[in-house]
Amino acid sequence: MAVFAAALQSSQRPVRAATLEPWRHAVVEEKGDAGIVLMAGQPNIADKHGLKIDYVQLKGDALALKALLAGEVDSFEGSPGGAIIAASRGADLKVLGCYWPGLSYGVFAPQAITSIEQLQGKVVAISSPGSLPDLVVKALLDEHGIPVGGVHFAAMGGDADRFRSLSAGVVAAAALSMEFVPTAAQHGLKLLVDAHTELPKYLRVCTFVTGDGLRRRRNATVGFIAAQMDGVHFAQLHRLETIDLTRSALKIGPDDPRPAYVYDDAMRDGMVDSTMPLPLDRLKWMEELLQRTGNIGTPFDVGTMVDPTVRVQAAAQTIVK
C-alpha cells in the first residue's frame, strides 16, 4: 500500500527488522472485515511500534480464548462473553480496550420465517459454545422472552460454514456477520434480526491478554494496543485501501460486494472506535445477561478484568493522526 508512506511520513522512522519483537494475536478467521482487523499488522504500522504481528486465525472467538489461556498466543480479540465466563471461573484475563464496540451481527433465516419466535423448536447454527454467535443468539432469545432450551443449537464452524448450512436448508437460522446482507437474497435468505438494533449494549470485539502476560511483557502489550489504535484509525481515514486489504486477504475480486458493505456498515454509528474504549457499564450489562442466560452461576465483578492503564499509555504512542 503506497498510501501508507504518505499517511505516516511525519512519524518516526521504522524500527529495524532485526529489533522487531514477535507478537501472536488470535483472531476469528478472515472475512469481510479483514482490512480493519489486519491493518495493525501492516509493516508501516506494526514496525513503528517495534512489533512483528502474527495473526493466528481460528474458527471462533471461543477457540481464540482457549489459545490465549493455553499460552499459544499473546492476545486475542473477540466478544467479551466467553472471556467473562472464563474469568468468573478463575481465569486470569484482562480486557484492554474495545475497538469494535458496535455489534455488526445478526440472525439470518429463509424468507418464510418472519419472526424470531418462529425459531422455537428449530435448529439454529452457531459456532462453538461460548462463542459470539452462541451468546448473541441466547441474548436475543432472552430479549424476546424465549427459553434457551426452546431452540436447538448446532455448532457449525465459521460464518461461511454456517451460511452454507443455512443456504442448503440444513438449519432453520444462523448467527452471522452482517457481511452476508448483500448476498442473502440470492440464496433465498434474509436478515431476520439485526443484533445491533436489539442489543445496543452488546460489545462485539475487545482485546484480551492474561494478567501474567501483561506483567511479563507490558511494553510489548502497550505497543500492540497502540498498533491496534493506529490500524483502526488508518482504516477509518482510508476506505479504498482498507477494502483492498480485505480483498487481498480473502483473495476475492472487485465484484464481491462484501468488503465495501462491511466497511461502510462498520463506519456508521460509531461501530468502530480507534480510541479503544473500555465501557464498564456495557461490560457489566453483559455480565448480568450471562447470569440470566445461565452462563454464569454466581455473581462476578467484571471490573476486576478491566485494566485502563495500558490504553492510556498506548494512546500516547500512536502515530496516525
Quiz item: Quick one: are Pro80 and Val95 in side-chain contact, heavy atoms under 4.5 Å?
Solution: no
Quiz item: Does Val222 share a hydrophobic cluster with Phe224, counting links as ILVMFWY side-chain heavy atoms below 4.5 Å and allowing steps through other members?
Solution: yes
Quiz item: Do you know the tightest heavy-atom contact between Leu166 and Ala109?
Solution: CD2-N, 4.1 Å
Practice problem: Could you tell me which non-hydrogen atom of Pro147 sits nearest to which non-hydrogen atom of Leu141, and how far apart they are? | Solution: O-CD1, 4.5 Å
Quiz item: Taking the side chain from Arg311 and the backbone from Leu278, do they hold a donor-acceptor pair closer than 3.5 Å?
Solution: no
Quiz item: Cluster question for you: counting only ILVMFWY and a side-chain heavy-atom cut-off of under 4.5 Å, with indirect links fine, are Val193 and Phe163 together?
Solution: no
Quiz item: If only atom types and distance count, is the side chain of Tyr263 paired as donor or acceptor with the main-chain N or O of Ala235 below 3.5 Å?
Solution: yes
Quiz item: When you measure from the centre of the six-membered ring of Phe180, is the NZ or CZ of Lys31 under 6.0 Å away and within 45° of the axis?
Solution: no
Quiz prompt | Straight-line distance of Ser75 OG to Gln228 CD, nearest 0.5 Å | solution = 6.5 Å
Practice problem: Calculate, to the nearest 0.5 Å, the distance between atoms CG and OG1 belonging to Leu237 and Thr242 respectively. | Solution: 9.0 Å
Practice problem: For the pair Leu132 and Val28, evaluate side chain to side chain contact (heavy atoms under 4.5 Å, CB included) and give the outcome as yes or no after the intermediate values. | Solution: CA-CA 10 Å; Leu132 172 63; Val28 176; over 6 Å; no
Quiz prompt | Test item: Thr207 side-chain N/O and Glu77 main-chain N/O as donor-acceptor pair under 3.5 Å | solution = no
Quiz item: Got a donor-acceptor contact below 3.5 angstrom from the Glu179 side chain to the Gly32 backbone?
Solution: yes
Quiz item: How many angstroms lie between CG in Leu93 and CG in Leu69, if you round to the nearest 0.5 Å?
Solution: 5.0 Å
Quiz item: Considering all heavy atoms of both residues, which atom of Met271 and which atom of Trp100 are nearest to each other, and what is their separation?
Solution: O-CD1, 3.2 Å
Quiz item: Any sub-3.5 Å donor-acceptor pair from Asp230's side-chain atoms to Ile45's backbone N or O?
Solution: no
Self-check item: Val56 side chain near Glu72 side chain, heavy-atom distance below 4.5 Å
Solution: no
Exercise. Answer yes when Asp281 and Lys284 have at least one side-chain N-carboxylate O distance shorter than 4.0 Å, and no when they do not.
Key: no
Exercise. Could you tell me whether a side-chain N or O of Arg162 sits under 3.5 Å from a main-chain N or O of Pro133, the two making a donor and an acceptor?
Key: no
Exercise. Work out which heavy atom in Asp265 is nearest to a heavy atom in Ser104; give both atom names and the distance.
Key: OD2-CB, 3.6 Å
Practice problem: Say whether, by atom type as modelled, one donor and one acceptor occur between the side chain of His187 and the main chain of Ser167 under 3.5 angstrom. | Solution: no
Quiz item: Heavy-atom distance under 4.5 Å between the side chains of Asp33 and Arg204, does that happen here?
Solution: yes
Practice problem: Measure the acute angle between the ring planes of Tyr55 and His25, then classify it against the limits of 30° and 60° as parallel, tilted or perpendicular. | Solution: perpendicular
Quiz item: For residues Arg258 and Thr183, is any side-chain donor paired with an opposing acceptor at under 3.5 Å?
Solution: no
Practice problem: Classify the ring geometry between Tyr202 and Trp285 as parallel (under 30°), tilted (30 to 60°) or perpendicular (over 60°). | Solution: perpendicular
Quiz item: Ile36, Val181: one ILVMFWY side-chain cluster at the under-4.5 Å cut-off?
Solution: no
Quiz item: Can Asp74 and Arg24 be counted as an ion pair, charged N to O under 4.0 angstrom?
Solution: no
Quiz item: Step by step, would you call Glu117 with His144 a side-chain hydrogen bond (donor to acceptor under 3.5 Å, both in side chains)?
Solution: CA-CA 8 Å; Glu117 285 75 15; His144 285 260; 3.0 Å; yes
Practice problem: For the pair Lys94 (side chain) and Thr304 (backbone), establish whether a donor and an acceptor sit closer than 3.5 Å, ignoring hydrogens and angles. | Solution: yes
Quiz item: Under the criterion side chain to side chain contact (heavy atoms under 4.5 Å, CB included), which of Leu140, Asp194, Leu289 is the partner of Leu199?
Solution: Leu140
Quiz prompt | Asn295 and Thr293: side chain donor to acceptor below 3.5 Å | solution = yes
Exercise. To the nearest 0.5 Å, tell me how far Glu21 CD sits from Arg217 CZ.
Key: 4.5 Å
Quiz item: Are the charged groups of Lys59 and Asp161 less than 4.0 angstrom apart, N to O?
Solution: yes
Quiz prompt | Residues Asp142, Arg292: salt bridge by 4.0 Å N-O rule | solution = yes
Practice problem: Rounded to the nearest 0.5 Å, what's the gap from NE2 on His49 to OG1 on Thr318? Could you check? | Solution: 7.0 Å
Quiz item: Side chains of Lys201 and Met286: closer than 4.5 Å at any heavy-atom pair?
Solution: no
Quiz item: Side chains of Ile126 and Val136: closer than 4.5 Å at any heavy-atom pair?
Solution: no
Exercise. Decide whether Tyr99 and Ile225 are clustered together by the hydrophobic rule: side chain heavy atoms of Ile, Leu, Val, Met, Phe, Trp, Tyr closer than 4.5 Å, transitively.
Key: yes
Exercise. Taking atom types as modelled, find out whether Arg216 and Thr210 have a side-chain donor-acceptor pair closer than 3.5 angstrom.
Key: no
Quiz item: Where is the tightest heavy-atom contact between Leu38 and Ala249, given as atom of each residue plus distance?
Solution: CD1-CB, 3.9 Å
Exercise. Please round to the nearest 0.5 Å and tell me the distance separating atom CG of Leu203 and atom SG of Cys98.
Key: 5.0 Å
Practice problem: Assess whether side chain to side chain contact (heavy atoms under 4.5 Å, CB included) is satisfied between Val107 and Leu119, documenting all intermediate values. | Solution: CA-CA 11 Å; Val107 174; Leu119 297 180; 4.3 Å; yes
Quiz item: side chain to side chain contact (heavy atoms under 4.5 Å, CB included) between Arg218 and Val310: does it pass, once the steps are laid out?
Solution: CA-CA 8 Å; Arg218 184 176 182 88; Val310 173; 4.0 Å; yes
Quiz item: Can we say Lys138 and Asp134 salt-bridge, meaning some charged N sits less than 4.0 Å from an Asp/Glu carboxylate O?
Solution: yes
Quiz item: What closest approach, in Å, do Leu135 and Gly82 show between heavy atoms, and which atom pair accounts for it?
Solution: CD1-N, 3.7 Å
Quiz item: Is the number of heavy atoms from other residues, nucleotides or ligands under 6.0 Å of Lys52 NZ greater than 12?
Solution: no
Quiz item: Heavy-atom distance under 4.5 Å between the side chains of Phe208 and Met305, does that happen here?
Solution: yes
Quiz item: Are side-chain heavy atoms of Phe153 and Val148 found at a separation under 4.5 Å?
Solution: yes
Quiz item: Hey, quick one: are Leu240 and Met39 part of the same hydrophobic cluster, counting side-chain heavy atoms closer than 4.5 Å, chains of contacts allowed?
Solution: no
Practice problem: Answer yes or no: is there a side-chain heavy-atom contact under 4.5 Å between Glu198 and Ile116? | Solution: no
Quiz item: Does one side chain, of Thr309 or Gln313, offer a donor that lies under 3.5 Å from an acceptor on the other?
Solution: no
Quiz item: Can Met276 and Leu96 be said to form a side chain to side chain contact (heavy atoms under 4.5 Å, CB included), step by step?
Solution: CA-CA 8 Å; Met276 295 188 68; Leu96 304 182; 5.8 Å; no
Practice problem: Taking Gln57 for its side chain and Glu30 for its backbone only, find out whether a donor-acceptor pair lies under 3.5 Å. | Solution: yes
